[in-house]
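Some notes on the structure that comes next.
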2 protein chains.
Amino acid sequence: MPATIKDIAKAAKVSRSTVSRVLNDSGYVKEETRTRVLAVIEELNYSPSAIARSLSNKRSNTIGVIVPDINNPFFAEMIKGVTRVADEEGYRLLLVDTDEDNEKEQLALQALQEQRIEGLLIVSTPAKGKRSLEHLRWMRAHHIPVVLLDGHIKYDEFDGVFIDHYQGAHDATIALIKAGHKRVGILTGKLSSRPAMERLRGFQDAMAECGVVSYDEDILFGDYGHEKAYHLTKEMLLREKRPSALFVSSNQMVLGMMRAMSELGMKIPQDLAFIGFDQLETLNLIGMNCSTVDAHTVEVGELSMKRLIRRLENEKLETAHTVLRPDLSLRGSEANLK
Amino acid sequence: MPATIKDIAKAAKVSRSTVSRVLNDSGYVKEETRTRVLAVIEELNYSPSAIARSLSNKRSNTIGVIVPDINNPFFAEMIKGVTRVADEEGYRLLLVDTDEDNEKEQLALQALQEQRIEGLLIVSTPAKGKRSLEHLRWMRAHHIPVVLLDGHIKYDEFDGVFIDHYQGAHDATIALIKAGHKRVGILTGKLSSRPAMERLRGFQDAMAECGVVSYDEDILFGDYGHEKAYHLTKEMLLREKRPSALFVSSNQMVLGMMRAMSELGMKIPQDLAFIGFDQLETLNLIGMNCSTVDAHTVEVGELSMKRLIRRLENEKLETAHTVLRPDLSLRGSEANLK
DNA sequence: CGGCGTTGTGGGACCGGTTCCATAATTATA
DNA sequence: TATAATTATGGAACCGGTCCCACAACGCCG
């Protein structure tokens with residue numbers, strides 16, 4: 001078994017208190033004893049037990065992070081951002097991947113509670129039955145601050161860092177219209193999710209503002225997945241009258257759209273122009289020049305961790321919602337080449 | 001502050017021991033008392049402190065996982081596999097992303113040690129100065145089993161689950177030759193890493209076995225990144241005599257290669273055929289039909305976690321190295337259409 | 001009906017740290 | 001040089017659980 005503080009004390013012929021003082025350099029310790037203790041620590045390769053310390057301190061130094069899918073670059077990037085700040089500030093992360101499964105989310109919440117996390121960052125999956133909400137409320141009631149990162153729900157009662165999906169969709173739509181498209185459509189995400197809904201609204205408002213006629217059949221109701229997007233796009237492309245450009249609500253859906261086009265031998269942007277949401281790094285790297293709405297996901301992670309830390313330091317803060325405005329990256333796929 | 005076992009004991013008018021027995025259903029507890037205790041637990045929303053339990057138990061129930069980059073699907077998938085098994089078996093994961101930084105790896109190792117992890121899964125970054133190796137040895141000496149997942153190093157002294165890069169490259173090369181290519185090249189990863197080296201060997205041996213002449217200038221020394229791959233490929237494509245097919249050592253490098261081709265207006269596989277390593281899900285989804293060597297990364301994660309658990313149960317096991325043979329997924333990009 | 005095994009419960013030590021308090025040793029001050 | 005202030009160290013309680021052991025209550029058997 002690993003060496004304990006007692007072993008060190010004995011070997012250095014001091015008390016545990018003294019060793020503890022050396023470890024945290026608190027209180028008075030004679031230089032001579034300090035070096036002696038440090039020597040013993042070195043020699044025995046002693047590393048203090050974070051567990052025991054946490055118990056005594058009542059501070060776990062741990063932040064819980066819940067995401068729907070680590071595999072998705074969208075979330076992986078947020079995690080990167082969170083990690084960076086956590087590292088700097090000396091917090092440990094307990095990361096949970098819920099696989100978009102509400103039940104797993106419940107279990108995770110329970111587990112994190114047992115781990116005595118000091119704060120929680122969560123990108124929530126759709127809250128069936130609102131059990132999550134209860135849990136989050138319980139957390140806050142027990143002085144565990146919660147920060148929401150984007151995600152499917154938005155409870156005003158919690159701090160949150162959000163992406164302005166409305167604005168992103170709005171900007172993209174305007175860009176398409178400005179590029180000269182007279183008929184523009186949208187491929188939406190699952191409308192039960194808040195972001196998808198907001199993007200749709202942004203799209204519609206932009207259309208209205210520009211006085212462009214919006215056809216009901218040009219609103220393709222997808223589900224964030226590539227499969228559905230593929231079918232919807234294909235069907236749409238076979239109509240005689242159809243939009244010349246599309247705003248596409250997620251990177252996965254862009255892929256589905258492209259497959260449909262590739263099967264029909266159609267080219268971007270000649271046969272169908274588009275602007276997507278999220279990065280499409282892979283495609284741009286191979287020179288496909290996909291225009292996108294860049295959501296600044298890493299920044300979402302950083303800001304939310306920072307926010308959490310601030311609240312940890314001062315529980316009385318007003319709840320705050322930071323909303324990040326996405327930037328448009330136009331790379332060519334939005335062009336109107338008719 | 002959260003309720004403690006003492007609070008429960010008092011409220012239920014029993015001793016802490018009894019509450020503990022209910023919690024772990026161990027020992028004797030009268031049915032009547034049990035329900036009473038459970039009721040109190042429910043009412044006070046009590047959740048036992050994993051920290052205190054760990055201290056007492058001397059069991060953290062935690063496994064450390066170190067990867068170079070969560071953002072890379074290659075590692076993210078391994079994590080998925082690890083997570084699945086860990087969940088089933090009731091282990092918590094402490095995940096560390098080292099950003100390919102050796103120093104961070106050192107710090108992480110130290111931190112995990114303080115957390116009293118019971119075992120370690122590591123995809124190691126190149127071990128400059130071998131400090132990592134020391135650390136890993138120290139772990140094992142202190143009864144913390146270590147399992148290596150693929151990665152840049154391979155120390156026979158530790159358990160490990162590896163991908164057979166040699167075989168993968170070998171199979172891919174044979175496939176290219178069988179497809180009718182007379183001149184085949186390779187885009188290697190950083191040769192200081194074991195996998196890159198093995199892939200190169202697999203390639204060379206396959207060439208020799210088939211009696212295909214291998215030109216030195218057809219071995220393009222890359223570094224896993226897309227940028228270098230782009231330049232190397234472009235240069236190569238401008239030569240009058242050049243290979244008609246390439247084995248490409250990583251997904252990132254395939255992207256660089258494609259950019260080069262796209263800029264030169266060249267087509268796959270007419271102007272240059274290829275087989276890549278790792279998945280290229282994104283590209284295949286849009287109908288690009290990229291042939292690849294599928295490395296079964298999720299399985300690597302699962303198997304290594306399982307291995308770790310077995311060793312946790314029995315420290316005396318012989319060290320074992322599982323080597324997974326990759327499968328070839330031919331989708332068309334390897335064809336010889338001349 | 002006394003002794004014995006089973007069932008049920010409480011007391012207290014322990015896990016490995018931190019921290020408060022008392023006391024000892026040293027130095028400064030009057 | 002006696003006394004106060006400062007520096008240095010140890011003792012012991014505590015954090016919130018687990019678990020061993022002692023003991024009480026109960027039923028059963030001879």
Side-chain angles (χ1 to χ4, degrees), chain A residues 1-38 40-41 44-62 92 110-111 113-118 142-143, chain B residues 1-38 40-41 44-62 92 110-111 113-118 142-143:
Chain A
M1 298 303 107
T4 74
I5 200 172
K6 227 175 183 170
D7 302 327
I8 304 300
K10 200 176 302 172
K13 297 187 205 306
V14 293
S15 70
R16 299 181 310 170
S17 322
T18 302
V19 179
S20 177
R21 265 173 236 128
V22 173
L23 249 31
N24 309 293
D25 52 13
S26 60
Y28 295 109
V29 180
K30 204 198 293 177
E31 196 46 40
E32 188 195 314
T33 11
R34 150 174 271 103
T35 56
R36 181 154 39 98
V37 170
L38 286 175
V40 175
I41 287 178
L44 273 62
N45 201 318
Y46 166 71
S47 91
S49 160
I51 295 174
R53 179 175 288 159
S54 289
L55 181 59
S56 177
N57 275 342
K58 296 168 145 299
R59 293 218 42 199
S60 68
N61 236 279
T62 301
R92 240 183 306 290
Q110 180 62 37
Q113 198 172 302
E114 294 189 0
Q115 291 297 318
R116 299 295 187 259
I117 53 168
E118 293 182 21
H142 290 73
H143 312 284
Chain B
M1 298 305 104
T4 75
I5 199 174
K6 225 173 179 172
D7 302 328
I8 305 300
K10 199 177 303 174
K13 296 188 205 304
V14 294
S15 70
R16 299 179 312 167
S17 320
T18 302
V19 178
S20 177
R21 266 175 234 126
V22 172
L23 248 32
N24 309 294
D25 51 15
S26 60
Y28 296 109
V29 179
K30 204 199 290 178
E31 195 47 39
E32 187 194 316
T33 6
R34 149 173 272 103
T35 55
R36 181 154 38 99
V37 170
L38 286 174
V40 175
I41 288 178
L44 272 61
N45 200 320
Y46 166 71
S47 90
S49 160
I51 295 174
R53 179 175 289 159
S54 289
L55 182 59
S56 177
N57 273 343
K58 295 166 145 301
R59 292 217 44 198
S60 68
N61 237 280
T62 301
R92 238 181 308 291
Q110 179 62 36
Q113 198 172 302
E114 293 189 359
Q115 290 299 316
R116 299 293 186 262
I117 53 169
E118 293 182 23
H142 290 73
H143 312 283

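- Atom NZ of K6(A) and atom P of dA12(D) are 13 Å apart (whole Å).
- Closest approach of S20(A) to I5(A), counting heavy atoms only: N-CD1, 3.9 Å.
- The base of dG16(D) lies outside donor-acceptor range of the side chain of S49(B), with no N or O pair under 3.5 Å.
- A pairwise comparison of heavy atoms in N24(A) and R53(A) identifies OD1-NH2, 4.0 Å as the closest pair.
- Among the heavy atoms of the strands lying under 4.0 Å from S17(A) is at least one base atom, whether or not backbone atoms are also near.
- For DNA chain C, the span of nucleotides reached by chain B at under 4.0 Å from its heavy atoms goes, 5' to 3', from dT7(C) to dG17(C).
- Taking every heavy atom of both residues into account, S60(A) and Q115(A) meet most closely at CB-O, 4.0 Å.
- No donor-acceptor contact under 3.5 Å links the side chain of T4(B) to the base of dG17(D).
- With DNA chain D read from its 5' end, the first of the two nearest nucleotides for A3(B) and R34(A) is the one closest to R34(A).
- Atom NZ in K10(B) sits roughly 13 Å away from atom P in dG17(D) (whole-Å rounding).
- Among the protein residues, T33(B) comes within range of the sugar-phosphate backbone only, with heavy atoms under 4.0 Å from sugar or phosphate atoms but none that close to a base.
- No contact: V19(A) has no heavy atom under 4.0 Å from any strand.
- Here S49(A) contributes atom OG and L55(B) contributes atom CG; the two are 6.5 Å apart, rounded to the nearest 0.5 Å.
- At least one side-chain heavy atom of T4(B) sits under 4.5 Å from a side-chain heavy atom of D7(B).
- Atom-to-atom, CG of N24(A) to P of dT9(D) comes out at 16 Å; the value is rounded to the nearest Å.
- Following rounding to the nearest Å, I51(A) (CD1) and dC14(D) (P) show an atom-to-atom distance of 23 Å.
- Nearer to the 5' terminus of DNA chain C, by closest-nucleotide assignment, is the contact made by G27(B) (compared with the other of G27(B) and L55(B)).
- No donor-acceptor contact under 3.5 angstrom links the side chains of R36(B) and T18(B), judged on distance only.
- Put simply, OG on S54(B) and CZ on R59(B) are 9.0 Å apart, with the number rounded to the nearest 0.5 Å.
- If you take CG of L44(B) and P of dG16(D), they are 14 Å apart, rounded to a whole angstrom.
- Across the interface with DNA chain D, nearest-nucleotide mapping of R21(A) and Y28(A) shows Y28(A) to be the residue nearer the 5′ end.
- We find that CZ of R116(A) is positioned 8 Å from P of dG16(D), with the value rounded to whole Å.
- Contacts of T18(B) with the nucleic acid, taken as non-hydrogen atoms under 4.0 Å apart, involve only primed sugar atoms and P, OP1 or OP2.
- When rounded to the nearest whole Å, the span between CZ of R53(B) and C1' of dC19(D) equals 13 Å.
- The structure places CZ of R21(B) at 10.0 Å from OG1 of T33(B), a figure rounded to the nearest 0.5 Å.
- Rounding to whole angstrom units, CG of residue N57(B) and P of dG17(D) are separated by 12 Å.
- One finds no side-chain N or O of K30(B) lying less than 4.0 angstrom from the OP1 or OP2 phosphate oxygen of dA25(D).
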